[in-house]
Amino acid sequence: MKITIINKILLCFICSIVPYISIKGQCLDSLKSVCLPDSIAEQIGNNYEDKYTNASKNVVNLISPNNYNFVDGIYAFKGMGPHFPRQIFVYKREKIFIFNSRGDYNPEGVIMEFCSCIKKLNLTHKEIVDYLNVICLYLQEEEEADYGDTIK
């Protein structure tokens, strides 16, 4: 079998583009999630409106979405699938505050719960400002979200 110059060029092109596609695909992987400790995962699963949807396996750090380590911060979680609404929680020093209100249905409730969260977790001025900015973005995104039949 004779390898022509065109075949060599094609082979080089394919070999050079495959690693790029693999890396690019990792960035778009929607199944990447923050790995929660079992105790926190159980609380998330128990507090999510739709049970048995693996909500604790679909968690995103809202301040650093590419950070998959579980650290103090504010997070969004939702059931697996496009029709499950997001909820949020704040974690600080082994304490968790899970918001019962959803941004798509009750944005006022989210703001009121944040006030309770500030006191319960004793958030610093910087944390309050950072989390409030993130909550504002969350509420704007949820205002445009359509979860179909789940909206009440």
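Everything quoted here is computed from the prediction, not taken from an experiment. In what follows, every heavy atom counts, from backbone to side chain, and hydrogens, waters and symmetry copies are set aside.
- In terms of modelled atom types and a separation under 3.5 Å, the side chain of K92 and the main chain of N122 share a donor-acceptor contact.
- The closest donor-acceptor contact from the side chain of D72 to the backbone of R93 lies under 3.5 Å.
- Hydrophobic cluster membership differs between L123 and I96, with clusters built from Ile, Leu, Val, Met, Phe, Trp and Tyr side chains linked at under 4.5 angstrom.
- R86 and E142 are joined by a salt bridge, as a carboxylate oxygen and a charged side-chain nitrogen come within less than 4.0 angstrom of each other.
- Under a hydrophobic clustering in which Ile, Leu, Val, Met, Phe, Trp and Tyr are joined whenever their side-chain heavy atoms come within less than 4.5 Å, directly or via other members, I74 and F114 fall into the same cluster.
- Here the side chains of N100 and E113 are in contact, with some heavy-atom distance below 4.5 Å.
- Pairing each heavy atom of N69 with each of Y75, the nearest pair is O-OH, 3.9 Å.
- Checked by atom type and distance alone, the side chain of Y138 pairs as donor or acceptor with a backbone atom of G103 at under 3.5 Å.
- At distances below 3.5 Å, at least one donor-acceptor pair connects side-chain atoms of T124 with backbone N or O atoms of E127.
- Q87 places no side-chain N or O within donor-acceptor distance of the main-chain N or O of K78, the cut-off being under 3.5 Å.
- No chain of hydrophobic side-chain contacts below 4.5 Å, direct or via other Ile, Leu, Val, Met, Phe, Trp or Tyr residues, connects L121 to F89.
- Taking the side chain as every heavy atom from C-beta outward, V110 and I135 approach each other to under 4.5 Å.
- The shortest heavy-atom contact between S64 and N61 is N-OD1, 2.9 Å.
- A distance-only check finds no donor-acceptor pair linking the side chain of N106 to the backbone of R102 [under 3.5 Å].
- Residues F97 and F99 place their aromatic rings such that the two centres sit under 6.0 Å apart.
- Under the 3.5 Å distance criterion, the side-chain polar atoms of Y48 are left unmatched by any main-chain donor or acceptor of T53.
- The cluster map of Ile, Leu, Val, Met, Phe, Trp and Tyr, joined by side-chain heavy atoms under 4.5 Å apart, puts I63 and V129 in different clusters.
- Following chains of ILVMFWY side-chain contacts shorter than 4.5 Å, one can reach V71 starting from Y91, so the two form part of one hydrophobic cluster.
- Between P37 and F70 the shortest side-chain heavy-atom distance falls below 4.5 Å.
- With hydrogens and angles disregarded, a donor-acceptor distance shorter than 3.5 Å links the side chain of S33 to the backbone of K57.
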